[in-house]
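One structure is given here, and the rest of the page talks about it.
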Amino acid sequence: MKIIQQTETLQKWVQQQGANTLRLLVPTMGGLHQGHLSLIDLARQKADQEQREAQVVVSLFVNPTQFGPNEDLDAYPQSLQRDQELCEQHGVDLLFAPSPDQMYAHDASIKVSESLLSSVLCGQSRPVHFDGVCTIVSKLFNLIQPQVAFFGEKDFQQVAVIRRLVRDLNYPIEIIAGPIVREPDGLAMSTRNLNLNPQQRQQAVVLRQSLLQAKQTLDHDQWSPQPIKEQVREHLASASLGRIDYVEMVDPQTLQNLEQAQSSILIAIAVYFGNTRLIDNLYWKQPTAPSHENL
Ligand code: PAF
């Protein structure tokens with residue numbers, strides 16, 4: 001596995017590849033867990049099925065611009081050595097691990113901003129977050145020029161924003177969303193889980209449990225959004241160490257709040273345990289409704 005830390009070296013590496021080479025990118029902020037590894041495995045499988053040369057590229061960069069002033073940038077778990085080993089074991093061809101000064105000039109003054117899908121859900125409590133994500137993902141796309149990029153569905157809103165970025169800025173990149181990977185007790189895998197203390201970790205299962213309970217109502221009853229959101233809130237409130245950030249039921253395409261029942265929906269939730277903010281979601285559709293693949 002090749003490791004590159006300088007943007008110039010990366011650009012040279014990209015130039016040296018044949019015009020026909022496929023690059024498959026898995027962008028990460030490190031602290032790799034099974035969720036990331038499942039995306040890397042998807043990329044590796046897709047690369048191996050190709051008849052032409054294909055390179056799996058993982059980027060590892062804790063992007064400061066997607067953290068607000070009071071967020072957990074400093075506490076974000078980092079483990080470069082371990083991440084490097086995991087990438088090697090999972091057949092990554094290139095690990096791009098730049099320092100912040102490689103990615104941002106000290107007087108950088110351009111950002112990429114998405115104004116619609118970013119204004120709801122996590123965008124409400126993290127106002128600068130999606131500008132930071134759009135900016136860094138655009139920079140990674142420009143530098144690496146992948147034809148395919150992989151993101152996890154735990155960050156459903158991020159996937160929607162990135163699909164919009166690709167569409168509106170004409171990036172010739174296919175976005176593949178990988179399913180949420182969970183701990184045995186149902187907690188969605190997240191690098192931030194490492195910051196939970198044992199009591200918080202125990203209680204954090206309420207996120208998944210509250211969504212599963214909502215799913216039962218959706219599957220079996222006539223429903224409308226408000227009572228379901230209340231049901232989820234009540235369940236989440238049973239975790240004494242948690243503090244609800246939001247519970248929303250939205251249209252999976254527009255991410256706008258639902259006033260009434262419809263055939264496919266997304267329940268998205270965010271809960272703080274101490275300073276650690278966890279998110280999870282449930283995509284639900286009536287058995288006959290079209291799939292959300294083409295967001
Ligand atoms: O999902 C993440 O880890 C980050 O938001 C991403 C896409 C790597 C951009 O920094």
Side-chain angles (χ1 to χ4, degrees), residues 7 10 23-40 42-43 56-68 71-80 82-83 86-87 90 92 94-104 108 111-114 117-118 121-123 125-144 146 148-166 169 171 173-181 188-195 268 270 276-281 295:
T7 50
L10 175 66
R23 279 177 297 279
L24 305 101
L25 171 65
V26 184
T28 81
M29 297 206 298
L32 300 186
H33 51 67
Q34 285 303 324
H36 298 112
L37 297 176
S38 71
L39 297 178
I40 295 174
L42 274 181
V56 174
V57 181
V58 169
S59 64
L60 195 162
F61 178 63
V62 184
N63 173 36
T65 65
Q66 68 188 72
F67 290 79
E71 291 183 3
D72 56 351
L73 174 61
D74 293 337
Y76 200 81
Q78 298 197 37
S79 49
L80 182 60
R82 188 175 161 274
D83 290 346
L86 287 168
C87 284
H90 285 257
V92 171
L94 171 69
L95 176 63
F96 175 54
S99 56
D101 62 330
Q102 279 293 306
M103 289 309 282
Y104 292 106
K111 68 179 178 192
V112 181
S113 188
E114 193 285 328
L117 302 169
S118 306
L121 304 177
C122 292
S125 34
R126 305 189 69 192
V128 301
H129 177 67
F130 288 108
D131 282 3
V133 169
C134 286
T135 304
I136 194 66
V137 169
S138 302
K139 287 164 76 71
L140 291 168
F141 285 173
N142 294 339
L143 285 164
I144 297 164
V148 192
F150 297 77
F151 296 87
E153 275 181 347
K154 179 172 73 66
D155 299 298
F156 192 99
Q157 184 176 15
Q158 174 169 275
V159 176
V161 169
I162 287 167
R163 287 192 201 279
R164 185 61 60 94
L165 172 81
V166 162
L169 294 189
Y171 282 112
I173 301 174
E174 179 190 0
I175 301 299
I176 297 186
I180 301 177
V181 179
M189 295 228 177
S190 163
T191 307
R192 289 189 166 91
N193 293 350
L194 289 172
N195 289 344
T276 307
R277 187 172 170 282
L278 303 180
I279 59 172
D280 203 344
N281 66 70
L295 268 181

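No hydrogens, no waters, no symmetry mates; every other heavy atom, side chains included, goes into these values. Read the numbers this way: they start at 1 and go in the same order the structure lists the ligands and their atoms.
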Would you give me the side-chain donor-acceptor pairs under 3.5 Å for residues 173-180, sequence neighbours excluded?
none

Those residues that, when tested against Leu80, pass side chain to side chain contact (heavy atoms under 4.5 Å, CB included) (two or more places apart): Leu60, Gln84, Ala97
Residue pairs involving residues 125-134 (criterion salt bridge (Lys or Arg N to Asp or Glu O under 4.0 Å); sequence neighbours excluded): Glu71-Arg126, Lys111-Asp131
Thr191 side chain near His33 side chain, heavy-atom distance below 4.5 Å: yes
Any Ser125 side-chain heavy atom under 4.5 Å of Arg277 side chain: yes
Check: Tyr76/Asn63 side-chain N/O donor and acceptor closer than 3.5 Å: no
May I have the N/O to N/O pairs between ligand 1 and the protein that fall below 3.5 Å, each with atom names and distance to one decimal?
from, atom 1, to, atom 2, distance (Å)
ligand 1, 1 (O), Gln158, NE2, 2.8
ligand 1, 5 (O), Gln66, NE2, 3.0
ligand 1, 5 (O), Gln158, OE1, 2.7
ligand 1, 10 (O), Gln66, OE1, 2.7

